[in-house]
Student: 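Before anything else, here's the structure in question.
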Amino acid sequence: MAPRVVVLISGTGSNLQALIDAIAAGSLKAEIPLVISNRSKVFGLERAEKAGIPTKVLALKPYTIAGKSRIQYDADLAQLIVAAKPDLVVLAGFMHILSPTFLEQFPTTPLINLHPALPGQFDGARAIERAFEAYQNGEIKHTGIMVHRVIQEVDGGEPLLVEQVEIKPEDDLVALQERIHSVEHVLLVRGAALVLEQEAAKKCNSTSA
């Protein structure tokens with residue numbers, strides 16, 4: 001049975017598509033039993049549905065309107081994922097900061113995130129825009145991408161894979177974004193494969209011990 005990878009998205013889902021394509025090509029030995037979005041009517045949901053992958057939308061706004069807490073939202077989100085029995089949870093452009101309430105539900109299941117910046121640089125939102133501004137101000141010479149483990153600190157988890165991305169003098173923001181996204185699609189697949197290999201090795205070692 002292939003490892004189960006639950007993917008969380010918030011937008012167009014181009015990184016989700018990279019995972020779907022890698023699975024279809026056999027370069028990522030996994031299956032995606034569920035895609036969850038915190039926003040409805042995003043293209044990422046259409047990508048999943050086209051690939052025959054079940055989807056769920058769990059938006060925060062209805063919770064806020066009903067007077068429910070963010071903790072309740074995170075608990076419900078975690079339960080949706082737990083019910084899918086994942087071997088790995090991938091945050092692929094998921095634009096929510098996850099609370100300890102959420103993370104506590106996954107003591108052994110790995111969670112990874114893709115962030116378009118190098119470790120310790122431009123944590124949080126608008127990372128590409130901030131890197132481009134820093135380059136224009138002469139503060140940096142290049143930017144990068146990392147796949148990292150998810151912890152409570154935003155983009156502060158252990159980096160698993162890191163790759164530098166060149167910023168060219170002739171770049172505008174769109175050109176830089178396109179270059180970063182093309183590298184992201186490769187790095188996320190590699191990161192997912194790496195973690196699944198690590199998890200398989202752990203199970204093998206525990207079985208033989």
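Along the sequence shown, residues are numbered consecutively beginning with 1.
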Student: Would you say Ile112 ends up clustered with Val6 if hydrophobic residues are merged whenever their side chains have heavy atoms under 4.5 Å apart, either directly or through other cluster members?
Tutor: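 In one cluster with Val6: Ile112, no.
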Student: Is Asp171 paired with Arg179 through a side-chain N to carboxylate O contact shorter than 4.0 Å?
Tutor: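 Salt bridge flag = yes for Asp171 with Arg179.
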Student: Give, for atom NE2 of His185 and atom CG of Leu114, the distance between the pair rounded to the nearest 0.5 Å.
Tutor: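 His185 atom NE2 to Leu114 atom CG measures 8.5 Å (nearest 0.5 Å).
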Student: What is the distance from atom CG of Leu194 to atom CG of Leu161, rounded to the nearest 0.5 Å?
Tutor: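 So the gap between those two atoms works out to 5.5 Å.
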Student: Which atom pair, heavy atoms only, marks the closest approach of Pro3 to Asp87?
Tutor: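 The pair with the smallest heavy-atom distance is CA-OD2, 3.3 Å.
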Student: Is there a path of hydrophobic side-chain contacts, each under 4.5 Å between heavy atoms, that joins Ile81 and Leu60?
Tutor: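 Shared cluster, yes.
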Student: For Leu45 versus Ile9, what's the shortest heavy-atom pair and its separation?
Tutor: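 Where Leu45 meets Ile9 most closely, the heavy atoms are N-CD1, 3.8 Å.
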Student: With a 3.5 Å cut-off and no angle check, do the side chains of Glu178 and His181 form a donor-acceptor pair?
Tutor: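 There is no such pair (donor and acceptor under 3.5 Å, judged by atom type) between the side chains of Glu178 and His181.
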Student: Given the rule in the side-chain contact (heavy atoms from CB on, under 4.5 Å) test, do Val5 and Ile23 qualify, once you have shown the distances and angles that lead to the verdict?
Tutor: CA-CA 11 Å; Val5 179; Ile23 290 169; 5.9 Å; no
Student: Between CG of Leu34 and CG of Leu8, what distance do you get to the nearest 0.5 Å?
Tutor: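 So the gap between those two atoms works out to 8.0 Å.
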Student: Could you check whether any side-chain heavy atom of Val7 comes within less than 4.5 Å of a side-chain heavy atom of Ile53, counting everything from C-beta outward?
Tutor: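 Heavy-atom side-chain distance check fails, nothing below 4.5 Å.
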Student: For Tyr73 and Leu58, work out which heavy atoms get closest and say how close.
Tutor: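 Taking Tyr73 first and Leu58 second, the nearest heavy atoms are OH-O, 2.6 Å.
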Student: What distance do Leu160 atom CG and Arg149 atom CZ have between them, rounded to the nearest 0.5 Å?
Tutor: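 If I round to the nearest 0.5 Å, the distance is 5.0 Å.
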Student: Between Lys202 and Glu199, does any side-chain N to carboxylate O distance fall below 4.0 Å?
Tutor: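 Result for this pair is yes, salt bridge flagged.
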Student: When hydrophobic residues are tied together by side-chain contacts of less than 4.5 Å, even through go-betweens, does Leu111 share a cluster with Leu77?
Tutor: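 Leu111 and Leu77: one cluster.
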Student: Which heavy-atom pair separates Pro159 from Pro119 by the least distance, and what is that distance?
Tutor: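 Here Pro159 and Pro119 meet closest at CG-CG, 3.8 Å.
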Student: Near Ile71 CD1, under 6.0 Å, is it more than 12 heavy atoms from other residues, nucleotides or ligands?
Tutor: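 Counting neighbours around CD1 of Ile71, 12 or fewer heavy atoms of other residues, nucleotides or ligands fall under 6.0 Å, so no.
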Student: Going by atom type alone, with no hydrogens or angles, which donor-acceptor pairs under 3.5 Å involve a side-chain atom of residues 96-110 and a protein atom two or more places apart or on another chain?
Tutor:
{"unit_1": "Ser99", "atom_1": "OG", "unit_2": "Asp74", "atom_2": "OD2", "d": "2.5"}
{"unit_1": "Ser99", "atom_1": "OG", "unit_2": "Thr101", "atom_2": "N", "d": "3.3"}
{"unit_1": "Ser99", "atom_1": "OG", "unit_2": "Phe102", "atom_2": "N", "d": "3.4"}

Student: Hey, mind stepping through Leu176 and Thr143 against side-chain contact (heavy atoms from CB on, under 4.5 Å) and telling me if it holds?
Tutor: CA-CA 10 Å; Leu176 178 60; Thr143 185; 4.3 Å; yes
Student: Could you walk me through whether Val189 and Leu19 pass the side-chain contact (heavy atoms from CB on, under 4.5 Å) check?
Tutor: CA-CA 6 Å; Val189 171; Leu19 294 169; 4.1 Å; yes
Student: Please report the interatomic distance CD(Glu31) to CE(Met1), rounded to the nearest 0.5 Å.
Tutor: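 Glu31 atom CD to Met1 atom CE measures 7.0 Å (nearest 0.5 Å).
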Student: Going through the checks in order, is the side-chain contact (heavy atoms from CB on, under 4.5 Å) test met by Leu173 and Ile128?
Tutor: CA-CA 8 Å; Leu173 180 58; Ile128 302 175; 4.0 Å; yes
Student: What residues, two or more places apart in sequence or in another chain, satisfy side-chain contact (heavy atoms from CB on, under 4.5 Å) together with Glu46?
Tutor: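 Partners of Glu46 by the side-chain contact (heavy atoms from CB on, under 4.5 Å) criterion, ordered by chain and then number, come out as Phe43.
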Student: When rounded to the nearest 0.5 angstrom, what distance separates OG in Ser182 from CG in Leu187?
Tutor: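 Those atoms lie 11.0 Å apart.
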Student: Of all the heavy-atom pairs spanning Ala92 and Leu188, show the shortest one and how long it is.
Tutor: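 Heavy-atom minimum between the residues: CB-CD2, 4.1 Å.
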Student: I need the minimum non-hydrogen distance between Val42 and Ser37, along with the two atoms involved.
Tutor: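 Reported closest heavy-atom pair: CG2-OG, 3.6 Å.
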Student: Are Val89 and Met146 connected in a single hydrophobic cluster, I mean Ile/Leu/Val/Met/Phe/Trp/Tyr linked by side-chain heavy atoms less than 4.5 Å apart?
Tutor: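 The answer is no; the residues belong to distinct hydrophobic clusters.
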Student: Is Ile36 linked to Leu91 within one hydrophobic cluster, defined over Ile, Leu, Val, Met, Phe, Trp and Tyr using a side-chain heavy-atom separation of less than 4.5 Å?
Tutor: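 Yes: a chain of side-chain contacts under 4.5 Å links Ile36 to Leu91.
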Student: Gln17 and Asp21: side-chain donor and acceptor closer than 3.5 Å?
Tutor: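 Side chains of Gln17 and Asp21: pair found under 3.5 Å.
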